[in-house]
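Notes to accompany the following structure.
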There are 2 protein chains.
Amino acid sequence: MTMSQSGGRRKPPTIHDVAREAGVSRGTVSRVLNGGHYVSPTAQEAVNAAIRRTGYVVNRHARSLITGRSDSIGFLLTEPQEKFFEDPNFNVLLRGCTQALAAHDIPLLLMLAGTEDERRRITRYITAGHVDGVLLVSSHSGDPVAEQLREAGVPLVMCGKPIGVGSKVSYVAADDRDGARDMVRHLVSLGRRRIGVVTGPLDTPGGVERLAGYREVLAESGIDFDERLVVSGDYSRASGEAGAERLLGQCPDVDAVFVASDLMAQGVLTSLERAGRRVPEDVSVGGFDDSSAALAARPQLTTIRQPYDRISAEMVRVLLAQIGGEDPAAVILPTELVKRQST
Amino acid sequence: MTMSQSGGRRKPPTIHDVAREAGVSRGTVSRVLNGGHYVSPTAQEAVNAAIRRTGYVVNRHARSLITGRSDSIGFLLTEPQEKFFEDPNFNVLLRGCTQALAAHDIPLLLMLAGTEDERRRITRYITAGHVDGVLLVSSHSGDPVAEQLREAGVPLVMCGKPIGVGSKVSYVAADDRDGARDMVRHLVSLGRRRIGVVTGPLDTPGGVERLAGYREVLAESGIDFDERLVVSGDYSRASGEAGAERLLGQCPDVDAVFVASDLMAQGVLTSLERAGRRVPEDVSVGGFDDSSAALAARPQLTTIRQPYDRISAEMVRVLLAQIGGEDPAAVILPTELVKRQST
DNA sequence: CTGAAAGCGCTTACAG
DNA sequence: CTGAAAGCGCTTACAG
């Protein structure tokens, strides 16, 4: 007979009820629950039937108390919430991580901590053991949250190379510098010589490394570096628009722009169009990321593909390994030049 | 002397360590932890000092095991992930709920369950007691998740009126029908007579109610209902664009369009522009939501304001009340016509 | 105001 | 393969 509990908060069945129902000890029920090792087929059968009849579902708090694990992972974003929604990269990353974890039957908890206050609350929540590990996404470096979690001994993998945290924390990143080199070489190969750059925030590795790649190619190509051709943004569309504005003002002869993110590149296109410059005829524009923004842009953006599917898969792999006791690790993944209409 | 534990997973201090350090019993420590009632100032002091010295932080699993609460709330979205990122309403709603809960020092866990598989996993996670209650956002009705959670006795508040679940589940919604009436009356007052409508999905209350409001005003204004003026979308920008396309094909004489969401209205504007119709000179366009999409649109949208800040605040209030033992409740909030350039 | 004790629901050596 | 028992870290009546 089914013990259907139609709504209401009746006391849910425990392992004890199942044991009684199945005519075995609680230890045996627990063994069935945890993989069925050292359990006779008969007992196995009886327990499973009892679980079905009682509608038993394990109390995770009790289990966690003893195992010390919560069997869930946190996806922590220490950015203002607008960023999260505006930037398509986060979307792809989140989806990739969710899927990679799904293969292990582990739920992903998304935690947004854009304010100081929220960061404090979430940090407390995490260090109290509510998740077994954290996938941390934060473009800005020197993020105190990373350091706090590391000190608390919480397994942690960052997306993108952290600045200043040393090699004590795991991270997965695309090869920013190499990607930037590919793009700028491409622009040079097109005959461009007055190549502007809209960088990311210069306190982030993505900002610094992509600019470094730009300078390297200029040097190897015998093109003088002109600092008036360098402006920086914060990865938002608006900052790209403003950056291009400045660029055009400082160097009207600019004939190409390497933009450190596709979203900013969209803004750059807007400014160029307003200024009456044709893309790619007058000015070539190269983006970075190959996010959905690259395809949504008009013209569609030539860009540097970050392998987000692999990045998220690697983040999960490294995190699970670390939870399993392995040491931190850094993973650098190659990028790829994707040619479209903007160059 | 400080027991700083520099990184590593040393066994964290327990309430027992604190008790020893403070020279009191574990019961007293617990009392301090839980509000400090029935504790002498002296003991209070000693315990707090001991907590600081040991770096103690409560083990939530142990606490949850005994209290039966997790002290966290889930924000569950049973929509494809793209929707979540594309639609600015979710952003505002999420932020509002986060803030409302912050006032109670309760962390919000965002759970995305766009696929059948994810829904199953998340439902199990929730019913296992990982959150005390759920704020459920799902535009589609007949969502089996809602029914499952209700049956499992999980406190639940939905955003928007659910179809078919009866009055057993709490919800907070704007007055869709009244909002629609306001908008269509506004269009009629402008002298428009061939008023098209792009509805939301017709298996959702927002879809049905806003259409009903449209029909009511037509009737009261003595305008014949023409079903060729009715097309429906799924709240995405693309569906608005396609809907307007169809509308123009079926009724070239359309002189106004009431669109059931601002995002869809953006798509409608795109189609109208492509067809060479001026807004608002040739065609008036009215949106719904007053989301960021309304301000981003060109021309800026006249729309119906949904009071999202109040909606999220009410959702949290009702949910906390329900967790506290109160019965489910429905809250309907008034909307407001906001006039801008599109009409 | 405070301590000793029971108990939340589970897992895991330990004997058999 | 299986049961009895200890114990995870905490809260909460219950006596005092």
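The sequence lines fix the lettering, A, B, ..., with proteins before strands; numbering per chain opens at 1. Only this structure's heavy atoms are used, side chains among them; waters, hydrogens and symmetry mates stay out.
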Under 4.0 Å: is that the gap between some side-chain N or O of [X] and OP1 or OP2 of [N]?
{"X": "B:Ser30", "N": "D:dC10", "answer": "no"}
{"X": "A:Ser25", "N": "D:dT2", "answer": "no"}
{"X": "B:Tyr38", "N": "C:dG3", "answer": "no"}
{"X": "B:Asn59", "N": "D:dC8", "answer": "no"}
{"X": "B:Ser40", "N": "C:dC1", "answer": "no"}

Closest nucleotide among [options] to the [X] side chain:
{"X": "A:Ala62", "options": "C:dC10, C:dC1, D:dG9", "result": "C:dC10"}
{"X": "A:Arg63", "options": "C:dC10, D:dT11, C:dG3", "result": "C:dC10"}
{"X": "A:Val39", "options": "C:dA6, D:dT2, C:dG9", "result": "D:dT2"}
{"X": "B:Ile66", "options": "C:dA6, C:dC8, C:dC10", "result": "C:dC8"}
{"X": "B:Thr67", "options": "D:dT12, D:dG3, C:dT2", "result": "D:dT12"}

Looking at C:dA4, which nucleotide sits across from it as a Watson-Crick or G-U wobble partner, both distances under 3.5 angstrom, or is there none? none
Counting only Watson-Crick pairs (N1-N3 plus N6-O4 or O6-N4) and G-U wobbles (N1-O2, O6-N3), all under 3.5 Å, who is the partner of D:dA13? none
Given atom [atom1] of [X] and atom [atom2] of [N], what is their separation to the nearest angstrom?
{"X": "A:Asn34", "N": "D:dT2", "atom1": "CG", "atom2": "P", "value": "15 Å"}
{"X": "A:His61", "N": "D:dG7", "atom1": "NE2", "atom2": "C1'", "value": "19 Å"}
{"X": "B:Leu65", "N": "C:dT11", "atom1": "CG", "atom2": "C1'", "value": "12 Å"}
{"X": "B:Arg20", "N": "D:dG9", "atom1": "CZ", "atom2": "C1'", "value": "14 Å"}
{"X": "A:Ile15", "N": "C:dC8", "atom1": "CD1", "atom2": "C1'", "value": "13 Å"}
{"X": "A:Arg26", "N": "D:dC1", "atom1": "CZ", "atom2": "P", "value": "22 Å"}
{"X": "B:Ile51", "N": "D:dC10", "atom1": "CD1", "atom2": "P", "value": "10 Å"}
{"X": "B:His16", "N": "D:dC10", "atom1": "NE2", "atom2": "C1'", "value": "13 Å"}

Using side-chain heavy atoms (C-beta onward) and a distance below 4.5 Å, is [X] in contact with [Y]?
{"X": "B:Asn48", "Y": "B:Gln44", "answer": "yes"}
{"X": "A:Tyr38", "Y": "A:Thr28", "answer": "no"}
{"X": "B:Ile51", "Y": "B:Val18", "answer": "yes"}

Taking the six-membered ring where the residue is Trp, are the ring centres of B:His130 and A:His130 under 6.0 Å apart? no
For B:Leu110 and A:Leu109, what are the C-alpha separation, side-chain angles and deciding distance, and is it a side chain to side chain contact (heavy atoms under 4.5 Å, CB included)? CA-CA 6 Å; B:Leu110 176 49; A:Leu109 304 187; over 6 Å; no
Name the nucleic acid region contacted by A:Val29, choosing base, sugar-phosphate or nothing; use a 4.0 angstrom heavy-atom cut-off, strictly under. nothing
What does B:Thr14 touch in the nucleic acid at a heavy-atom separation under 4.0 angstrom: a base, only the sugar-phosphate, or nothing? sugar-phosphate
In whole Å, measure the gap between the C1' atoms of D:dG16 and D:dT12 for me. 16 Å
Which pairs, protein N/O on one side and nucleotides 13-16 of chain D N/O on the other, fall under 3.5 Å?
| from | atom 1 | to | atom 2 | distance (Å) |
| --- | --- | --- | --- | --- |
| D:dA13 | N6 | B:Arg31 | NH2 | 3.3 |

Is a side-chain donor-acceptor pair under 3.5 Å present for [Y] with [X]?
{"X": "B:Asn59", "Y": "B:Arg63", "answer": "no"}
{"X": "A:Ser138", "Y": "A:Glu79", "answer": "no"}
{"X": "A:Ser70", "Y": "A:Asp132", "answer": "yes"}

